[in-house]
Amino acid sequence: MQGLNRILSENAESAELQRLIAVEQQKAQFQAQVHNFTDVCWDKCVDKPSSKLDSRTEICLVSCVERFIDTTLTITNRFTQMVQKGAH
């Protein structure tokens, strides 16, 4: 019985470790996405840095980030569809 308890405990620890790794991978992916659209949108929208954003720059940044997110979601959804079709 002790052997079974040990195996169950090891399986639970392994599952928890896998869950923690998945959470950390998601955090890293999110941070990479933020870094990507910060780089792209900064270069596109900010002519000269200042202590405040003017309305034109703010609108440009918001639009750029929204387009970046929409594009990323579209590509991700399309890729998911392709994978699912390939699995059938």
Side-chain angles (χ1 to χ4, degrees):
M1 195 65 160
Q2 282 183 338
L4 179 59
N5 286 338
R6 184 177 54 79
I7 291 171
L8 291 174
S9 177
E10 288 174 2
N11 285 343
E13 288 174 14
S14 177
E16 178 64 12
L17 180 59
Q18 289 176 0
R19 188 190 69 76
L20 290 174
I21 289 170
V23 167
E24 289 304 314
Q25 286 174 331
Q26 289 174 343
K27 286 180 188 178
Q29 288 173 343
F30 177 76
Q31 289 172 341
Q33 285 291 69
V34 169
H35 182 73
N36 285 340
F37 66 68
T38 299
D39 282 348
V40 168
C41 295
W42 181 271
D43 290 343
K44 179 177 177 50
C45 298
V46 179
D47 297 328
K48 53 183 186 234
S50 65
S51 60
K52 291 182 105 175
L53 291 177
D54 61 21
S55 61
R56 183 190 67 77
T57 303
E58 185 175 353
I59 290 168
C60 180
L61 287 169
V62 169
S63 296
C64 180
V65 170
E66 287 175 350
R67 281 194 311 272
F68 192 93
I69 291 170
D70 289 344
T71 301
T72 301
L73 288 173
T74 300
I75 291 169
T76 302
N77 289 337
R78 181 67 181 129
F79 182 73
T80 300
Q81 290 172 355
M82 289 170 55
V83 168
Q84 288 174 346
K85 285 181 182 177
H88 294 292

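The structure presented is a predicted model; accordingly, all values stated were derived computationally and were not measured.
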| field | Atom pair CZ (F68) and CG (L61), whose distance is rounded to the nearest 0.5 Å | value | 13.5 Å
| message | Rounded at 0.5 Å granularity, tell me how far CG in D39 sits from CG in D43. | response | 6.5 Å
| Are I69 and F30 co-members of a hydrophobic cluster defined by side-chain heavy atoms under 4.5 Å apart? | yes
| said: I'd like to know if I59 and V65 are part of one continuous hydrophobic network [Ile/Leu/Val/Met/Phe/Trp/Tyr, side-chain heavy atoms within less than 4.5 Å]. | reply: no
| Out of curiosity, D70 CG to I75 CD1, how far, rounded to the nearest 0.5 Å? | 11.0 Å
| field | Step-by-step disulfide bond (SG atoms under 2.5 Å apart) determination, C45 to C60 | value | CA-CA 6 Å; C45 298; C60 180; 2.0 Å; yes
| request: Measure the CD-CD distance between Q29 and E24 for me, rounded to the nearest 0.5 Å. | output: 11.5 Å
| task | Say whether W42 and V34 are linked into one hydrophobic cluster, either directly or through other cluster members, by side-chain heavy-atom distances under 4.5 angstrom. | result | no
| Out of curiosity, Q81 CD to R78 CZ, how far, rounded to the nearest 0.5 Å? | 5.5 Å
| message | To the closest 0.5 Å, what do you measure between OG1 (T57) and NZ (K52)? | response | 13.0 Å
| Cluster check L73, F37: I/L/V/M/F/W/Y, side chain < 4.5 angstrom | yes
| query | Is the closest side-chain heavy-atom distance between Q33 and N36 below 4.5 Å? | reply | yes
